[in-house]
There are 2 protein chains.
Amino acid sequence: MQDEHVKDIAALLKTMSHPIRLKILCMLQEKEMAVGDIREEVKTTNANVSQHLSILRNQGIVSSRKDANFIYNKIEDERILELIAKMRELFCEV
Amino acid sequence: MQDEHVKDIAALLKTMSHPIRLKILCMLQEKEMAVGDIREEVKTTNANVSQHLSILRNQGIVSSRKDANFIYNKIEDERILELIAKMRELFCEV
DNA sequence: TTAGTATTAAATTAAAAGCTTAAATAGCTG
DNA sequence: CAGCTATTTAAGCTTTTAATTTAATACTAA
């Protein structure tokens with residue numbers, strides 16, 4: 001693995017390494033969700049969820065679409081879906 | 001994914017998300033290495049490598065054996081090998 | 001247009017992580 | 001034992017990161 005890859009992947013892992021952000025990514029595996037929906041599950045403030053979402057968007061992991069008052073978020077990068085699936089397989093099952 | 005898993009995996013990712021530590025883990029995929037060997041490749045001080053290794057050991061990711069003056073390190077957790085292989089496949093190839 | 005809801009931005013404060021340097025430990029070898 | 005090498009630990013300092021609060025913006029529907 002070249003240094004440039006190491007740098008990029010480290011940055012990706014760092015973005016994913018916050019419990020709230022990781023949980024958001026897990027929830028977004030199944031369906032797209034608005035900020036309010038996410039807030040209910042992770043038990044924090046709207047503003048806090050929004051901040052974490054913007055970190056995920058800046059990394060290119062999550063994308064958003066706007067519909068009326070709501071902004072729906074989903075995982076943009078297919079590879080993240082695969083990576084999380086692998087982590088589930090390795091660390092959650094059996 | 002339950003909250004406990006989220007917490008554990010987030011901690012694991014955090015440990016792996018430092019460029020030096022990630023590079024160390026990549027190097028240890030192939031063979032065990034002493035602190036000095038690692039230092040040559042990551043361009044920092046012995047003390048710094050040692051500190052990063054102790055973080056990796058505390059997480060249970062890396063184990064060490066002593067031989068004469070040298071301490072040889074290797075990846076202890078098979079799942080980390082698999083996870084890094086997956087990351088390579090997703091983010092480094094093609 | 002106004003009230004209400006959802007989202008974002010900015011600023012502050014507190015906590016954690018990282019690097020450097022220097023000192024300490026452990027084991028080999030002459 | 002004395003000197004050398006490899007590694008670890010500790011202290012001090014700086015930089016990042018996290019969480020919270022507050023203010024601002026955007027849109028909808030009555």
Side-chain angles (χ1 to χ4, degrees), chain A residues 3 6-28 31-76, chain B residues 3 6-28 31-76:
Chain A
D3 284 1
V6 170
K7 196 167 134 270
D8 292 346
I9 297 177
L12 171 67
L13 294 181
K14 185 171 181 177
T15 299
M16 295 175 66
S17 72
H18 189 287
I20 289 181
R21 290 197 290 272
L22 184 58
K23 182 158 183 176
I24 289 174
L25 290 175
C26 286
M27 295 191 295
L28 293 182
K31 57 178 184 298
E32 62 177 16
M33 296 176 81
V35 176
D37 303 330
I38 294 170
R39 190 212 57 234
E40 286 178 29
E41 295 213 40
V42 299
K43 307 272 192 189
T44 180
T45 60
N46 269 2
N48 192 223
V49 170
S50 181
Q51 283 164 359
H52 286 301
L53 280 170
S54 92
I55 292 170
L56 291 168
R57 281 186 211 117
N58 290 341
Q59 247 310 311
I61 299 177
V62 162
S63 67
S64 314
R65 76 179 168 85
K66 188 155 197 168
D67 183 13
N69 271 348
F70 301 89
I71 295 185
Y72 292 97
N73 301 276
K74 69 171 182 182
I75 292 183
E76 178 62 28
Chain B
D3 283 2
V6 169
K7 195 166 136 272
D8 292 347
I9 296 177
L12 172 68
L13 294 180
K14 184 169 182 179
T15 299
M16 295 175 66
S17 72
H18 189 287
I20 290 182
R21 288 195 293 270
L22 184 57
K23 182 158 184 177
I24 290 174
L25 290 176
C26 286
M27 295 191 296
L28 293 183
K31 57 179 186 295
E32 63 177 16
M33 297 177 79
V35 176
D37 303 329
I38 294 171
R39 190 213 56 235
E40 285 178 29
E41 295 213 39
V42 298
K43 307 272 194 190
T44 180
T45 59
N46 268 0
N48 192 222
V49 170
S50 181
Q51 283 164 358
H52 284 301
L53 280 171
S54 95
I55 291 170
L56 291 168
R57 283 186 208 119
N58 290 341
Q59 251 302 320
I61 299 177
V62 163
S63 66
S64 314
R65 76 177 170 86
K66 188 155 196 169
D67 182 13
N69 272 347
F70 300 88
I71 295 186
Y72 291 97
N73 300 276
K74 69 170 182 182
I75 293 183
E76 178 61 29

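Just so it is clear, the values below take in all heavy atoms, side chains as well, and ignore hydrogens, waters and symmetry mates. Lettering follows sequence order; numbering is per chain, from 1.
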query = Just by protein heavy atoms under 4.0 Å, how would nucleotides 7-16 of chain C read 5' to 3' in B, S and -?
reply = BBBB-----S
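Partners of B:Asp37 according to the salt bridge (Lys or Arg N to Asp or Glu O under 4.0 Å) rule, which considers only residues two or more places apart in sequence or in another chain, do not exist here.
The phosphate of D:dA19 (OP1 or OP2) has a side-chain N or O of A:His52 nearer than 4.0 angstrom. Taking side-chain N and O atoms only, B:Arg39 has no distance below 4.0 Å to OP1 or OP2 of D:dT7.
Atom CD in B:Glu40 sits roughly 10 Å away from atom P in D:dT7 (whole-Å rounding). A straight line from CZ of B:Arg21 to C1' of C:dG18 spans 9 Å, rounded to a whole angstrom. Distance CD1 (A:Ile20) to P (D:dA18): 10 Å, rounded to an integer number of Å. Between the CD1 atom of B:Ile55 and the C1' atom of C:dG18 there is a distance of 8 Å, rounded to whole Å.
Evaluated for a side chain to side chain contact (heavy atoms under 4.5 Å, CB included) with B:Met33, the options B:Leu53, B:Ile24, B:Ile38 yield exactly one hit, B:Ile38.
For the atom pair B:Ile75 CD1 and B:Cys26 SG, the distance stands at 8.0 Å (nearest 0.5 Å). From A:Glu40, atom CD reaches atom CG of A:Asn46 across 9.5 Å, with rounding to the nearest 0.5 Å. Taken to the nearest 0.5 Å, the NZ atom of A:Lys14 stands 9.5 Å off from the CZ atom of A:Arg21.
Side-chain atoms of A:Asn73 and A:Arg57, non-hydrogen and from C-beta on, do get closer than 4.5 Å to each other.
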